[in-house]
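For this chain, numbers begin at 1 and follow the sequence in order.
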Amino acid sequence: MRILLSAALVAAGVLVGAAFPAVSDLVRGLLASAGLPPTLFTPAAGPGHTEGDGHDHGKHAAKGESSHGGHDQSEAEGEEDHVRMTAEQIENQEIRVAKAEGGTLYRHILVPGTVAPDADRIARVPARVVGTVSEMRKRLGDDVAKGEVVAVLDSREVADAKSEYLTASVKAELEKINFERQQKLLASQSASAAAFQSARAVFLEARLRVDLARQKLSALGLDAAEVAAAQKRDEATPNTSTLRQYELRAPMAGRIVERKVDVGTAVGKEGDPPDLYGVADLSTVWIELAVPTVELARVREGARVTVTPTREGRERHAEGRVVFVSPLLNAETRSARVVVALPNKDMAWRPGTYVTAEVEIARDAVPVRVPKQALQTIEGKRVVFVRTEEGFEKREVALGRSDDDAFEVVSGLKPGEELAVANSFLLKAELGKSEAGHSH
C-alpha cells in the first residue's frame with residue numbers, strides 16, 4: 001500500500017514539476033517527507049542548457065522583447081513630425097502650397113478720421129456788384145464747367161460802368177478823327193500849331209478816359225470787347241438790352257453743393273447775401289485725422305493710408321496719401337491734425353462720413369516672409385508645414401517682425417522651400433490624430 005502511495009506522489013510531483021518549473025518550498029517539503037529525493041521533481045534543462053551555465057535565460061528573453069519594442073518606438077518617433085498625404089488629398093482639402101520668399105512688411109497704426117471737402121477744390125460764386133437776381137440757372141447737385149454762366153443779375157452799377165466805357169470809346173474815336181485832321185492841316189500849313197496841340201491834348205484825354213473805363217469794367221469782371229460786341233447786338237435788336245445784365249460764372253469745374261438765394265433777391269449791399277452758389281470738386285476729398293502725440297513722430301507726409309468706413313462693412317476701402325502733418329498740437333485733445341488726400345472718382349466718399357484710417361508707419365524688407373495663415377501653434381511652439389514627397393513635415397520656426405498679414409521668419413525656413421499657406425490647421429489636426437494613435 002505504501003508503495004502505491006509513493007508511486008502516486010511521484011507521479012503528482014512529476015506533473016507539478018512539468019507544469020511549474022519553479023515549485024514552492026511547501027510542495028518540495030511534502031514530497032521529501034514521503035521519502036522521495038529532490039532530484040525527481042527538479043525540472044530538466046532543455047537541450048543545450050544547464051542549470052549552472054551562468055546565463056539568465058529569462059532576463060535574456062525580457063531583454064529581447066525590450067529591444068524589439070524599442071525599435072518600434074524609434075520608428076514612431078520618426079513619423080510623429082510628418083503627415084502623409086497624397087497630392088489628390090492635398091487638392092481635395094484645399095491646402096494651398098507656396099514657396100517661401102522674401103518680401104516687405106508694412107506696419108500701420110489705426111486712427112479715426114472724417115471725410116471733408118478738399119479745401120483747394122471749393123469755390124463760391126460771389127455777388128460782385130450791387131443788384132437783383134434775375135436768373136438762377138443751376139440747381140443743387142448740377143455739374144458745372146469752369147466759366148459757365150450760373151446766374152444773371154440786374155444791376156444799375158453795371159449799366160453805369162458799361163455806359164461810361166461805351167461813351168468814352170465813342171468820344172475817343174471822335175477826338176482821334178479831329179486830331180488826325182489837325183495833323184494834316186498843320187502839315188499843309190493850313191492850321192496853326194496851337195490848334196494842333198489843343199486837338200492832340202483832347203484826344204489823349206479821351207483815350208485816358210477809355211482806359212479808366214476799361215479798368216472799371218475789368219474790376220467788375222467784365223471784358224471790354226464783350227461789352228462792345230453786346231452793344232452792337234443790342235443795336236440790331238432794339239427790344240432787348242444787355243446793358244444792365246451781369247452774368248455770374250463758375251470759377252471752377254465741379255458740382256453745385258449750395259444755393260443761397262432765389263430769383264428777386266437783392267445782393268451786393270452790406271447785409272445782403274455775399275454768395276449765390278457754392279461749388280465743390282469732390283473728385284478728390286480730404287480725410288481729417290487726429291493723430292495722438294505718441295504716434296505723431298512715426299507719421300510722414302507721403303505715407304500710404306487705407307481708409308475704411310467706420311459704420312459699414314470693411315469690403316469698401318480706398319487708398320490715399322498723407323499730404324499734411326501739422327506742426328501744431330490741439331491744446332484740448334493733445335493731438336495733431338493730419339490730412340490725407342483720397343481719390344473719389346465715383347463720389348462714394350461723402351464729406352462728413354466717419355472713417356478708420358490705417359496709416360503706414362514703416363516698410364521692412366525681410367528675406368523670408370510667410371502669411372499668418374501658414375503658422376500654427378503646437379505645444380507652445382510656432383510651426384509651419386513644409387511640403388515633402390510623402391506629404392508635409394512639421395517645422396519649428398523662429399519669428400521676427402510682423403504686420404497685419406505676415407511674419408518674418410528668422411530661422412527654421414529657407415527661401416524657396418514649399419509650405420502650406422492655407423488651411424494648415426487641417427495638417428495640425430491630422431498630426432494630432434497621428435500622435436494620439438502612437439501614444440495609444
Side-chain angles (χ1 to χ4, degrees), residues 120-140 142-180 202-270 272-281 283:
D120 296 330
R121 296 172 181 264
I122 297 178
R124 302 193 178 278
V125 181
R128 302 178 66 175
V129 298
V130 177
T132 304
V133 179
S134 61
E135 291 184 53
M136 295 288 285
R137 296 186 180 180
K138 292 295 179 178
R139 297 175 180 270
L140 277 176
D142 287 352
D143 293 327
V144 295
K146 183 177 180 180
E148 183 179 358
V149 176
V150 295
V152 178
L153 303 182
D154 183 82
S155 173
R156 182 175 178 178
E157 180 185 2
V158 171
D160 291 344
K162 289 181 178 179
S163 298
E164 183 179 343
Y165 171 73
L166 293 173
T167 302
S169 297
V170 171
K171 187 175 181 181
E173 187 66 25
L174 293 176
E175 297 299 336
K176 180 181 178 181
I177 294 173
N178 183 48
F179 168 69
E180 291 176 347
V202 172
F203 169 64
L204 293 176
E205 182 181 356
R207 193 167 65 178
L208 179 59
R209 291 183 180 278
V210 172
D211 291 338
L212 292 175
R214 183 184 294 109
Q215 291 179 16
K216 188 174 183 179
L217 289 177
S218 179
L220 295 175
L222 298 172
D223 183 80
E226 291 181 358
V227 171
Q231 177 63 23
K232 292 182 179 179
R233 289 195 298 269
D234 291 346
E235 291 175 356
T237 55
N239 295 329
T240 62
S241 175
T242 60
L243 193 63
R244 298 175 61 91
Q245 289 185 354
Y246 181 73
E247 295 179 339
L248 297 177
R249 300 178 182 272
M252 60 177 289
R255 193 177 185 189
I256 300 295
V257 295
E258 289 181 297
R259 173 172 164 162
K260 297 185 176 183
V261 299
D262 298 319
V263 173
T265 303
V267 295
K269 294 181 181 179
E270 184 177 355
D272 292 342
D275 306 321
L276 279 73
Y277 290 106
V279 181
D281 178 6
S283 60

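- Atoms CG and CG, from Leu204 and Leu208 in turn, are 9.0 Å apart once rounded to the nearest 0.5 Å.
- Between the side chain of Tyr246 and the main chain of Ala127, no donor-acceptor pair closer than 3.5 Å is present.
- The residue from Val125, Asp143, Val257, Asp142 that alone fulfils the side-chain contact (heavy atoms from CB on, under 4.5 Å) condition with Val279 is Val125.
- The two residues Met252 and Ala123 come nearest to each other via the heavy atoms SD-CB, 3.5 Å.
- Under a 3.5 Å cut-off, the side chain of Ser155 and the backbone N or O of Val158 do form a donor-acceptor pair.
- Every pair passing salt bridge (Lys or Arg N to Asp or Glu O under 4.0 Å) that includes a residue from residues 240-249 is listed here, sequence neighbours excluded: Asp154-Arg244, Glu247-Arg249.
- Side chain of Asp275 to backbone of Tyr277: no donor-acceptor contact under 3.5 angstrom is found.
- The backbone N or O of Asp262 lies less than 3.5 Å from a partner atom in the side chain of Thr265, making a donor-acceptor pair.
- Annotation: the span from Arg137 atom CZ to Leu248 atom CG amounts to 10.0 Å, rounded to 0.5 Å.
- Applying the side-chain contact (heavy atoms from CB on, under 4.5 Å) criterion to Pro274, with sequence neighbours excluded, gives no partner residue.
- The pair Arg207-Glu175 does not meet the salt-bridge criterion, since no charged nitrogen lies less than 4.0 angstrom from a carboxylate oxygen.
- Smallest separation of non-hydrogen atoms from Leu220 and Ala161: CD1-CB, 3.7 Å.
- Side-chain contact between Arg156 and Asp160 is present, with at least one heavy-atom pair separated by less than 4.5 Å.
- Using a 4.0 Å cut-off between charged side-chain N and carboxylate O, Arg124 and Glu258 make a salt bridge.
- The local environment of CZ in Arg121 is crowded, with over 12 non-hydrogen atoms from other residues, nucleotides or ligands closer than 6.0 Å.
- Taking 4.5 Å as the limit, some side-chain heavy atom of Val129 sits within range of a side-chain heavy atom of Leu153.
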Would you be so kind as to tabulate the donor-acceptor pairs closer than 3.5 Å made by side chains of residues 221-233, with sequence neighbours excluded?
unit_1, atom_1, unit_2, atom_2, d
Asp223, OD2, Ala225, N, 3.1
Asp223, OD2, Glu226, N, 3.1

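- The main-chain N or O of Ala159 is found under 3.5 Å from a side-chain atom of Ser163 such that the two form a donor-acceptor pair.
- Classification of Arg209 and Glu205 as a salt-bridged pair holds, one side-chain N sitting under 4.0 Å from a carboxylate O.
- In this structure, CG on Leu140 lies 12.5 Å from NZ on Lys138, to the nearest 0.5 angstrom.
- Within 6.0 Å of NZ on Lys171 lie no more than 12 heavy atoms contributed by other residues, nucleotides or ligands.
- Side chain of Glu148 to backbone of Ala145: a donor-acceptor contact under 3.5 angstrom is found.
- Put simply, the side chain of Val202 does not reach to within 4.5 Å of the side chain of Phe179, judged on heavy atoms.
- Rounding to the nearest 0.5 Å places CG of Leu276 at 9.5 Å from NZ of Lys260.
- Rounded to the nearest 0.5 angstrom, Leu217 CG and Lys162 NZ are separated by 8.5 Å.
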Salt bridge (charged side-chain N to carboxylate O under 4.0 Å, His left out) between Asp211 and Arg214, intermediate numbers included:
CA-CA 5 Å; Asp211 291 338; Arg214 183 184 294 109; 2.9 Å; yes
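- Interatomic distance, OG1 of Thr132 versus CG of Asp272, reported as 9.0 Å (0.5 Å rounding).
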